[in-house]
Amino acid sequence: MAAARVRSRWTDLHPDLLGLVLSRVLSHADRVRLRAVCRAWRSGARTVQHLLPPLPPLAALRDGSFLSLPDGAIHRMPIPEDVFHRVCTGGMLFLVHHDDRCSLMHPGSGDVTPQEIRPTTIWYRLTVPTRTSAEEVRKVVVADHFVAVRTLKSVRVYARGGAESTGVEWVAPEYCSPESADMALFQGKLYVLTVKKEDREYGLYALDIAGSAEEGGISVVASVPCISGTKIPRDRTSSFDRQHRFYLVVSGDRLLMVEHTINRWPDGARAPSEFLVLEAADLNGQAPGWSKVDTLMGHALFVSEGCSESLSLPVGVTVSGGAHEDCIYFMSEAYANGYNYSYYMELECGVYNMRQGTVESPLPPLNMMAETTLEGPWPPTWLFPVGT
């Protein structure tokens, strides 16, 4: 009987059962480890990828490490030593090297793909850990045939896949505050958010980008003001010291704008943040405009200056701290009072629950972390690893 007994091997596990195992794994790193067991598991994981529940992104911290939610595990990725600036583009890392070369890095495999753009006119040397330069790269959007780079001053678009390109520049109208701008790729167009300096007036431009490296270069054919401006009343009676952050987020078939108001008491102590969510409605119709949003329709938003995305979360899927859909996970920085009237950048992160109107800050895993982990030259943001 012992000779006739057949022992099942893990490599023979049916793909449906493998999918069930992977669906119970709530960490990017653990899913990668399961895929590494054998070739059969890697193949089976690809088969059931579309059936797996989404995982929350990794929090990219200032010291270059990445925090996994909800377990709080710290991960480090082998970023090349000659990199002086890093921007998350969603699932990839956009790297700027000391010789002004640019590349895209896959965070899982570590594979680096050179990008044939050398935008020396906008990079600045990060010799001192400061982010006050108007020419600092704030966000990078990577499309099939172009790369768009946003700084405080402008948006510059570069062709991909050809000879080195200096790109084409788009500058926001003079009355707008460039520090309040953001951009997002939505339904094939690059949208740029503008905010009027004094009146809290939101505008939205659609950049019609044509051409490719094979066609001799890229061009911004038209810059159409989809929404010319919508004023939102500002509370001028508040005793808070307010700082505003603005984000464009694609959520399903909607383009959303999130305003995050960071509040400080006069003595510099933290006060609860406030949030406003608007939808860019009727973009292709006769009366486009901003419409207030009270629900994320089963999505959770993850917003930061470098990368903002949404996740569609099935009912009952917990991301962190018991919160899931209709929550905004924010990762940003704010000016804080330092010694002798100086200022420094302070990490602002947490979860805003739209249903309850409550803010939990900081993110639960960050409560247990050493302060040194929250310091460093890299801007905090989100990373959505691909293939997990």
Side-chain angles (χ1 to χ4, degrees), residues 26 28 49-60 66-70 87-92 107 138-143 148 150 181-193 202 204 245-260 273 275-281 283 290-332 348-360 363 380-388:
L26 300 180
H28 290 283
Q49 178 68 41
H50 64 288
L51 301 176
L52 299 179
L55 292 180
L58 299 175
F66 295 83
L67 176 74
S68 176
L69 300 177
V87 182
C88 296
T89 67
M92 304 285 281
R138 297 304 177 106
K139 188 170 186 176
V140 176
V141 170
V142 179
R150 184 180 73 83
D182 196 7
M183 64 179 181
L185 192 63
F186 179 61
Q187 296 180 349
K189 293 182 180 180
L190 185 67
Y191 286 88
V192 181
L193 174 72
Y202 307 124
L204 189 68
R245 302 293 180 264
F246 302 89
Y247 311 102
L248 269 185
V249 195
V250 177
S251 182
D253 60 353
R254 302 193 298 175
L255 181 61
L256 304 180
M257 191 283 294
V258 177
E259 180 189 33
H260 174 200
S273 291
F275 287 84
L276 172 68
V277 184
L278 303 176
E279 178 186 359
L283 286 177
W290 296 109
S291 173
K292 190 173 180 181
V293 169
D294 296 317
T295 175
L296 299 178
M297 300 175 65
H299 286 73
L301 302 185
F302 293 82
V303 298
S304 67
E305 185 175 46
C307 176
S308 298
E309 293 195 12
S310 76
L311 285 183
S312 176
L313 298 175
V315 175
V317 173
T318 299
V319 175
S320 173
H324 39 88
E325 66 266 45
D326 282 343
C327 288
I328 300 175
Y329 294 75
F330 57 95
M331 178 86 66
S332 119
E348 286 285 332
C349 63
V351 187
Y352 171 65
N353 189 312
M354 291 185 67
R355 295 180 180 179
Q356 301 175 6
T358 58
V359 176
E360 180 180 7
L363 287 170
T381 186
W382 300 106
L383 174 68
F384 293 76
V386 293
T388 56

Run the numbers on Met92 and Val142 for side chain to side chain contact (heavy atoms under 4.5 Å, CB included), then give the verdict. CA-CA 9 Å; Met92 304 285 281; Val142 179; over 6 Å; no
If you look at every heavy atom in [X] and [Y], which pair is closest and at what distance?
| X | Y | value |
| --- | --- | --- |
| Ala281 | Ser291 | CB-CB, 4.3 Å |
| Gly306 | Val87 | O-CG1, 4.4 Å |
| Met331 | Thr381 | CG-N, 3.8 Å |
| Met354 | Leu296 | SD-CG, 3.4 Å |
| Gly90 | Leu383 | O-CD1, 3.4 Å |
| Leu248 | Val192 | CD1-C, 4.3 Å |

Between Arg138 and Met183, is a side chain to side chain contact (heavy atoms under 4.5 Å, CB included) present by the stated rule, with each step listed? CA-CA 10 Å; Arg138 297 304 177 106; Met183 64 179 181; over 6 Å; no
Do Arg245 and Glu348 have side chains that approach each other closer than 4.5 Å (heavy atoms only, starting at C-beta)?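 SC-SC contact between Arg245 and Glu348 ruled out.
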Classify the ring geometry of Trp382 against Tyr329: parallel below 30°, tilted from 30° to 60°, perpendicular beyond 60°.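 Plane angle over 60°, so perpendicular.
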Approximate separation, where rounding is to 0.5 Å, of [X] [atom1] and [Y] [atom2]:
| X | Y | atom1 | atom2 | answer |
| --- | --- | --- | --- | --- |
| Arg150 | Leu190 | CZ | CG | 11.0 Å |
| Glu325 | Thr295 | CD | OG1 | 8.5 Å |
| Cys349 | Glu360 | SG | CD | 10.5 Å |
| Glu259 | Leu193 | CD | CG | 10.0 Å |
| Glu305 | Asp182 | CD | CG | 8.0 Å |

Could you tell me whether the side chains of Asn353 and Thr358 share a donor-acceptor contact shorter than 3.5 Å?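 Note: Asn353 and Thr358 side chains miss the donor-acceptor criterion.
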What residue among Tyr352, Phe246, Phe275 forms side chain to side chain contact (heavy atoms under 4.5 Å, CB included) with His260?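 Exactly one pass, corresponding to Phe275.
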Can you tell me which residue among Val250, Val249, Leu256 is in a side chain to side chain contact (heavy atoms under 4.5 Å, CB included) with Phe186?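 Only one option passes, and that is Val250.
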Pair Val293-Arg254, side chain to side chain contact (heavy atoms under 4.5 Å, CB included): steps then yes or no: CA-CA 11 Å; Val293 169; Arg254 302 193 298 175; 4.1 Å; yes
When the aromatic ring centroids of Tyr247 and Phe330 are compared, is their separation below 6.0 Å?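 No; Phe330 has its ring centre 6.0 Å or more from that of Tyr247.
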